[in-house]
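The first residue in the sequence is number 1, and the count goes up from there. What you see below is based on every heavy atom in this structure, not just the backbone, and it leaves out hydrogens, waters and symmetry mates.
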Amino acid sequence: MKKIRVPLKTEECALKAGDLIEMTGTIYCGRDAVLPYVVEMAKNDTLLDAGIDIEGAVIFHTAVSCAGIAPTTTGKPEIEGSIVPLSEKGAKFHLGKGRILPETIAGLKQNGAYFLITPPVAALLTAAMSGCRVALHPEFGMEAFYEITVTDFPAIVAVADGESIFPD
């Protein structure tokens, strides 16, 4: 098990597809409703104006509610469409579930970013969360863009350096 402090502030972390990791630090959370807005802000270089620094960040494809957190399907167009643009702007990790397209895998490789998946246990993930705040678009409720604080948050590296754990 590799332990990683997030956001990652070093150039390299040398992960491979299939590695088991635990992350401690701050993670951003967003789903279908909010991620297109976050991408637009990233493209316009206005995320820092809103107090959001995605350099080395984790973007978790989830809603946040009193019931807890669990990943949503990354292959939705609004979600998968956010991966490469946010990687280009510095996001290092994208955390969700399911397969991603070959073009997305190539975009991750080009930007030195990773796609992670979580064990399918919402209670385990929620137990690793110790803090939570709405960072952008509170009008989207549980699908707003959140910032959470986690300790030993488990994940599996699903895509690294162009390699995927999913069969073709």
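- Phe140 is connected to Phe145 through a chain of hydrophobic side-chain contacts under 4.5 Å among Ile, Leu, Val, Met, Phe, Trp and Tyr, so both are in one cluster.
- Of all heavy-atom pairs between Gly25 and Arg5, the closest is CA-NH1, 4.1 Å.
- In this structure, Leu108 CG and His94 NE2 are separated by 6.0 Å, a value rounded to the nearest 0.5 Å.
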Given the rule in the side chain to side chain contact (heavy atoms under 4.5 Å, CB included) test, do Asp53 and Leu48 qualify, once you have shown the distances and angles that lead to the verdict?
CA-CA 6 Å; Asp53 182 1; Leu48 280 176; 3.8 Å; yes
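- Once rounded to the nearest 0.5 Å, the distance linking OG1 of Thr118 with NZ of Lys97 reads 8.5 Å.
- The one candidate from Ile79, Ile27, Leu35 that meets the side chain to side chain contact (heavy atoms under 4.5 Å, CB included) condition with Ile59 is Leu35.
- Phe93 and Ile156 end up in different hydrophobic clusters when Ile, Leu, Val, Met, Phe, Trp and Tyr side chains are linked at under 4.5 Å.
- A search for side chain to side chain donor-acceptor pair (under 3.5 Å) contacts involving Ser82 returns nothing, not counting sequence neighbours.
- Taken together through direct or relayed side-chain contacts under 4.5 Å among Ile, Leu, Val, Met, Phe, Trp and Tyr, Val6 and Ile117 form parts of separate hydrophobic clusters.
- At least one donor-acceptor pair closer than 3.5 Å links the side chain of Asn111 to the backbone N or O of Gly107.
- Residues Thr126 and Leu124 fail the side-chain proximity criterion, which asks for heavy atoms closer than 4.5 Å.
- Put simply, the side chain of Lys92 gets close to the backbone of Gly112: a donor and an acceptor are under 3.5 Å apart.
- Within the structure, every pair that satisfies the side chain to side chain donor-acceptor pair (under 3.5 Å) test and touches residues 59-69, not counting sequence neighbours, is listed here: His61-Thr74.
- Residues His137 and Tyr37 place their aromatic rings such that the two centres sit under 6.0 Å apart.
- Without hydrogens or angle criteria, Thr73 side chain to Gly75 main chain gives no donor-acceptor distance under 3.5 Å.
- Results of the side chain to side chain contact (heavy atoms under 4.5 Å, CB included) test with Val159 over Ile100, Thr104, Ile83 single out Ile100 as the only residue that passes.
- In this structure, the side chain of Lys9 engages the main chain of Glu55 through a donor-acceptor pair within 3.5 Å.
- With ring centers used as reference points, Tyr146 lies 6.0 Å or more from Phe60.
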Candidate pair Phe153 and Leu125, rule side chain to side chain contact (heavy atoms under 4.5 Å, CB included), full reasoning
CA-CA 6 Å; Phe153 192 92; Leu125 303 179; 3.8 Å; yes
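- For the pair Arg99 (side chain) and Pro167 (backbone), a donor-acceptor distance under 3.5 Å is present.
- Lys89 is linked by a side chain to side chain donor-acceptor pair (under 3.5 Å) to Asp45, counting only residues two or more places apart in sequence or in another chain.
- Taking both residues in full, the closest heavy atoms of Glu143 and Ala33 are given as OE1-CB, 3.4 Å, listed atom of the first, atom of the second, then distance.
- Within 6.0 Å of NZ in Lys43 there are 12 or fewer heavy atoms belonging to other residues, nucleotides or ligands.
- No more than 12 heavy atoms of other residues, nucleotides or ligands shown are found within 6.0 angstrom of CD on Glu163.
- Between the side chain of Glu80 and the main chain of Leu101, a donor-acceptor pair closer than 3.5 Å is present.
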